[in-house]
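To start, the structure itself, in structure tokens.
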Amino acid sequence: MNRSPVRVGIVEDHPLFRETIASLLATTSAFEVAFDVDSTSGARERIEEDQPHLVVVDLWLQDESGLDLVAELDRLRPEIRCVVISGHRREAYAEQALAAGARGYILKGDSAEFLAGLRRVVDGGTFVSDAVRGAAR
Amino acid sequence: MSGRSEQHERSRIARVLHDDLQQRLYSLQMKVGMLRSQHDDDDELGAHLTEIEQRLRESIDLTRTLTSELSPPALEREDVGDAIGWLATQMSEMHALGVDVRARGSFPVPREDLRVTLVEIVRELLFNVVKHAGVDRATVALGRRDGRLRITVTDHGRGFVPETAVRSHGLSNAIDRLAPFGGRLDIVSAPDRGTSAEVTVPEPDRSA
């Protein structure tokens, strides 16, 4: 990736948590928020308009799975990298996210780890939070 | 409150805990992390932030515990095997008890109150393994025989004398709760011989 900020789309249905991720990204020069929405349908609209490099998606959004969006982007827009965020520590969820095409599975709560994970994905790698038991890296 | 409306209320509270309170706590935890990185040269502030982060982690763990106690999400599906599989994961994560679930095929239990009762009793049986058996593994087997659905919790721990331990191991209440459904709890155990606790109910009518 070049030196201009990485454009990040945020797909997270809890308003405070969505705002927190946006604030966190705004504290960095490496990232900028392309959009923040609370649903996968909102994400689809904004992806076309705002052309993110990276999309951060919550594992579960109200009544829909974020992995549906991840799989769709992996198929139709593979140049957009997806990172799944979640509170669930089970490795099975991380495996499902990676199998759907996500490059990262990051647990909610640790801001330093979140940024480190995004950087690893931007650099072409994959990232799974340390606290996810036994997950493949 | 009837069994159904109580479970509905428990599910509602569990959802609020998970979907709202937990997300607020994650947000606070991340904001504390942001403060830390913005003031990493201030040791005194850093010490306070460390304490705040620890309290937030404890609060998040508490919401997880409450959520799982109130309403396992797998309970909302008809197959009692799904809920027991979920329960096995919880026992492993929270109590370091390895639980092998053996179930071939599906075990639908359309009546939610019966399904909840079965899962709660299996949970109590597994807690008994944690508290009394002195081992860290148990097996839960689901099967059918003679027109009855059977759920058997087995361990190879220290065992007990069933007649004397039914009350102390919290099992007489389980027997009472199964009776309205035509259910039974049968326990085979002896000191140092392990324990096999079998819950049976009439095979559920799929139109129920």
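Reminder, nothing fancy here: chain letters follow the sequence lines and each chain counts from 1.
B/M30 and A/D110 get closest at one heavy-atom pair: CG-N, 4.1 Å. Residue B/Y26 comes nearest to A/G87 through the heavy atom pair OH-CA, 3.4 Å, listed as atom of the first residue, atom of the second, then distance.
Taking the side-chain contact (heavy atoms from CB on, under 4.5 Å) definition, one finds that B/T117 meets it with B/I121, B/R177, B/L178, B/F181, sequence neighbours left out. Under the side-chain contact (heavy atoms from CB on, under 4.5 Å) criterion, A/S23 pairs with A/E19, B/K31, B/M34, not counting sequence neighbours.
Applying the 6.0 Å contact sphere to CD of A/E45 captures no more than 12 heavy atoms from other residues, nucleotides or ligands. Few gaps surround CD on B/E58; more than 12 heavy atoms of other groups in view lie less than 6.0 Å from it.
Residue-level contacts of residues 34-42 of chain A with chain B do not occur; threshold 4.5 Å between heavy atoms. Listed in order of number, the residues of residues 135-142 of chain B that approach chain A to under 4.5 Å between heavy atoms amount to none.
Taking the six-membered ring for Trp and the full ring otherwise, A/H14 and B/H18 have centroids separated by 6.0 Å or more.
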Intermediate values then yes/no, side-chain hydrogen bond (donor to acceptor under 3.5 Å, both in side chains), B/Q23 and A/K108: CA-CA 8 Å; B/Q23 307 306 311; A/K108 293 181 176 180; 2.6 Å; yes

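A distance of 10.0 Å separates CG in A/L107 from CD in B/Q29, rounded to the nearest 0.5 Å.
With respect to chain A, the highest number of heavy-atom pairs below 4.5 Å among B/Q38, B/R57, B/R64 belongs to B/R64.
Of the residues A/L16, A/I21, A/L24, the one that meets the side chain to side chain contact (heavy atoms under 4.5 Å, CB included) test with B/S27 is A/L16.
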